[in-house]
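Below is one structure, written out as structure tokens; the observations come after it.
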2 protein chains.
Amino acid sequence: MVTLAEVARHAGVSASTVSYVLSGKRSISSATRLRVERSIQDLGYHPNAGARALASSKSNIIALMMPLRTDMYVPVMMEIAVAVATTARTHGYDVLLLTGAEGAPAVRRVTGSGMADAMILMDVELDDDRLPLLRESGQPAVLIGLPAETVGLTCVDLDFVATGALCAEHLAGLGHRDIAVIGEAPAVYERHTGFAERTLEGLRARARELDLRLLHRPSDGGYDAMAATLARIFDERPRTTGFVVQNESAVEPLLALLRRQGRAVPEDVSVVAVCPDPVAVHASVRLTSVAIPAQEMGRRAVEHVVAKLNGHGTDGIELLAPELTVRASTGPAPA
Amino acid sequence: MVTLAEVARHAGVSASTVSYVLSGKRSISSATRLRVERSIQDLGYHPNAGARALASSKSNIIALMMPLRTDMYVPVMMEIAVAVATTARTHGYDVLLLTGAEGAPAVRRVTGSGMADAMILMDVELDDDRLPLLRESGQPAVLIGLPAETVGLTCVDLDFVATGALCAEHLAGLGHRDIAVIGEAPAVYERHTGFAERTLEGLRARARELDLRLLHRPSDGGYDAMAATLARIFDERPRTTGFVVQNESAVEPLLALLRRQGRAVPEDVSVVAVCPDPVAVHASVRLTSVAIPAQEMGRRAVEHVVAKLNGHGTDGIELLAPELTVRASTGPAPA
DNA sequence: ACAATAAGTCGAAGCGCTTCGACTCACCCT
DNA sequence: AGGGTGAGTCGAAGCGCTTCGACTTATTGT
């Protein structure tokens with residue numbers, strides 16, 4: 001293990017000089033800089049992270065807290081995580097991965113130990129028990145998702161209200177009048193994760209303006225659950241011709257069931273999904289969808305966090321504008 | 001920020017005593033222990049991670065290197081990551097998330113800086129350029145996946161050869177003679193990620209023994225690619241009645257296409273998938289499958305790493321035995 | 001009864017780095 | 001010519017923790 005002191009000796013300078021070469025916080029003659037850099041190369045020196053953290057009280061680490069439930073909106077979470085990790089690297093930070101399993105205590109542990117300089121929380125619920133701790137810790141943090149009370153917090157999320165509105169507009173524009181919304185699993189609503197409710201809100205508001213009739217049904221994923229849900233929908237509203245689906249694991253079952261019932265997509269019924277683009281593209285019918293910009297969300301979260309760490313902090317909410325891509329699953333309402 | 005010294009003063013003992021209370025490395029009278037623990041509570045003390053790492057040259061962090069490609073076998077990766085993170089916590093470690101983007105240099109950075117005590121590499125290719133560095137760094141490491149050369153390495157993986165054999169046996173047992181294998185995307189084979197090839201190997205070996213005829217076709221995911229692949233398969237081997245699919249994003253398109261062609265599953269053709277259980281359960285036909293035990297892999301990887309860090313290290317390869325679950329997608333071959 | 005041992009505690013020396021103040025030289029301005 | 005300025009460098013003091021050796025007091029064996 002090569003130390004700074006050894007590099008200094010090798011280059012014939014003092015330790016502080018090497019440190020300044022590394023950090024650039026004081027001017028160094030280019031002659032010494034070069035000499036030091038050569039020594040660093042020659043010896044294969046890497047600064048010790050612990051020592052650095054201790055001396056500077058900066059860890060250069062951002063903690064990312066993921067939901068534990070590995071069965072839900074997984075691809076989105078994964079994309080966010082990867083985007084966070086890569087973006088963080090471009091700013092010189094590494095990412096510590098925390099799972100929701102520990103919950104609030106993890107926040108305390110990380111902020112208390114100086115293990116990370118900042119936190120990013122995913123899957124924030126409307127009334128999240130990690131937030132009070134976060135607030136009092138005073139540690140820079142960014143949420144991905146939108147809690148009920150956002151004072152003093154920075155949040156990044158897709159504008160789900162606008163997303164709902166967009167779906168309603170698209171279907172209305174094609175002449176559909178009866179719309180069924182296949183929502184997330186009931187558990188998601190019970191946890192009040194917010195985004196599902198916000199989509200619905202946007203959907204309802206615009207539906208009212210556009211004079212659509214809306215039926216909302218949460219649904220667990222899977223074929224059997226979907227079959228039951230679908231039966232109830234057509235029972236209540238036989239003239240339903242438009243579907244909005246916000247549940248990745250309901251998409252394929254829905255398509256399969258519609259096919260089996262002899263309803264052609266998009267000739268008889270139209271389907272709009274709210275899901276990541278890859279899911280929409282790989283589905284058995286290429287889906288018209290509003291993308292969940294997972295990468296963008298991860299990237300923006302890191303950028304906010306880094307800005308805070310550099311003092312250009314700005315609290316507030318950034319809602320990303322939704323984009324609807326028309327593919328093969330929506331068409332004019334049947335006459 | 002409360003320090004050890006303040007705790008010591010508050011409890012009326014020396015700093016070293018507090019340290020020993022924390023680490024349990026020397027015996028402490030229960031009276032002092034209690035006093036110190038109360039002080040820790042009262043002051044809300046959390047040891048500083050950097051200082052600890054510096055003094056003990058242990059970071060209590062395990063680095064996990066994930067593949068960058070967020071579009072492939074995502075749920076598996078995610079499950080592994082979460083399992084690694086939670087298991088690591090039970091052993092007192094945190095997890096640093098690295099993406100493959102940085103490649104080998106990341107290995108150097110992390111081992112060099114003492115940022116992590118050990119590494120876990122996912123998505124290891126047969127001839128992985130991170131391995132030489134890993135070997136020379138001498139840092140404890142575990143691979144998830146199986147490279148070509150495993151001397152001096154510890155690896156955890158599903159036994160894909162046995163997996164292939166298991167699929168062949170199951171279909172043969174049901175009377176199928178002509179089997180088509182829908183493999184991963186060609187890119188996967190080109191990268192020599194190994195597991196795809198090993199599955200095929202197991203499949204071929206057992207097929208020979210059981211006198212099955214096997215046709216292997218890699219396939220990109222998605223409906224259109226699958227349509228082309230499937231057409232070619234029935235063109236070459238019209239009597240194909242068994243399918244083995246090892247590509248999550250090919251599963252639904254395959255099922256959809258078979259339905260559209262009027263081939264009933266499992267009456268006319270049987271389908272066995274190699275995929276995580278949730279995928280098999282949520283598919284539009286509940287799939288007979290060999291599960292990819294992602295959680296188990298993550299857990300075992302951490303356990304090996306921790307064992308190494310504790311000196312009970314054992315190099316070697318641990319191949320998890322595959323298990324085939326019969327669901328609704330396989331049945332007797334048609335007469 | 002006395003050395004040997006164990007239990008419990010403390011002081012001090014670092015771990016490898018950052019950073020502050022101070023020092024030495026040019027060099028420039030008037 | 002003399003003081004001011006800025007560039008370039010060094011020394012030393014920590015950052016908060018672990019850990020080694022040493023010390024004090026009980027406890028044990030013979």
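Protein chains get the first letters and strands the later ones, always in sequence-line order, with residue 1 at the start of each.
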Run the numbers on A:R300 and A:T87 for side-chain contact (heavy atoms from CB on, under 4.5 Å), then give the verdict. CA-CA 9 Å; A:R300 294 299 298 148; A:T87 310; over 6 Å; no
Would you mind reading off the distance between B:K58 atom NZ and D:dG16 atom P, rounded to a whole angstrom? 22 Å
Would one find a side-chain N or O of B:S14 under 4.0 angstrom from OP1 or OP2 of C:dC10? yes
Are any of A:S27's side-chain N or O atoms less than 4.0 Å away from OP1 or OP2 of D:dG8? yes
By nearest-heavy-atom nucleotide on DNA chain C, the more 5' of B:A51 and B:S16 is B:S16
I need the CE-P distance between B:M1 and D:dG14, as an integer number of Å. 20 Å
Here the distance between atom C1' of C:dG8 and atom CZ of B:R33, to the nearest Å, is 11 Å
Please state how far atom OH in B:Y45 lies from atom C1' in D:dG16, giving the value in whole angstrom units. 7 Å
Taking OP1 and OP2 of D:dT18, is either one under 4.0 Å from a side-chain nitrogen or oxygen of B:K25? no
CG/B:L64 to CG/B:L98 distance, rounded to the nearest 0.5 angstrom? 7.5 Å
Can you check the A:R9 CZ to D:dC10 P distance for me, whole Å? 14 Å
OP1, OP2 of C:dC10 versus side-chain N and O of B:T17: anything below 4.0 Å? yes
Out of C:dA22, C:dT9, C:dC17, whichever nucleotide has its closest atom nearest the side chain of A:R26: C:dA22
Please work out if B:S29 contacts a base, only the sugar-phosphate, or nothing of the nucleic acid, heavy-atom cut-off 4.0 Å. sugar-phosphate
Name the nucleic acid region contacted by A:T32, choosing base, sugar-phosphate or nothing; use a 4.0 angstrom heavy-atom cut-off, strictly under. sugar-phosphate
Taking atom CZ as the centre, does A:R109 end up with more than 12 heavy-atom neighbours from other residues, nucleotides or ligands that are less than 6.0 angstrom away? yes
On DNA chain D, does the nearest nucleotide to A:R35 precede the nearest nucleotide to B:S23 from the 5' side, or the other way round? Give the residue. A:R35
So B:T3, base contact, sugar-phosphate only, or nothing? Heavy-atom distance under 4.0 Å. sugar-phosphate
B:H46 NE2 to D:dC17 P: how many Å, rounded? 12 Å
Would a 4.5 Å heavy-atom cut-off, applied to side chains only, mark A:H91 and A:E303 as touching? yes
Output the single nucleotide from C:dC17, D:dT18, C:dC15 whose closest atom is nearest the side chain of B:L4. D:dT18
So, OP1 or OP2 of D:dT18: does either fall under 4.0 Å of a side-chain N or O from B:R52? yes
Short side-chain N/O contact from A:Y20 to OP1 or OP2 of C:dC17, under 4.0 Å: no
Checking all strands, does B:I28 fall into the base, sugar-phosphate, or nothing category for heavy-atom contacts under 4.0 angstrom? sugar-phosphate
Does either side chain, that of A:S16 or that of A:S19, offer a donor lying less than 3.5 Å from an acceptor on the other one? no
Starting at CD of A:E6 and ending at P of C:dC17, how long is that distance when rounded to a whole Å? 9 Å
B:D42, CG: over 12 other non-hydrogen atoms inside 6.0 angstrom: yes
What's the CG-C1' distance between A:L54 and C:dG14, to the nearest Å? 12 Å
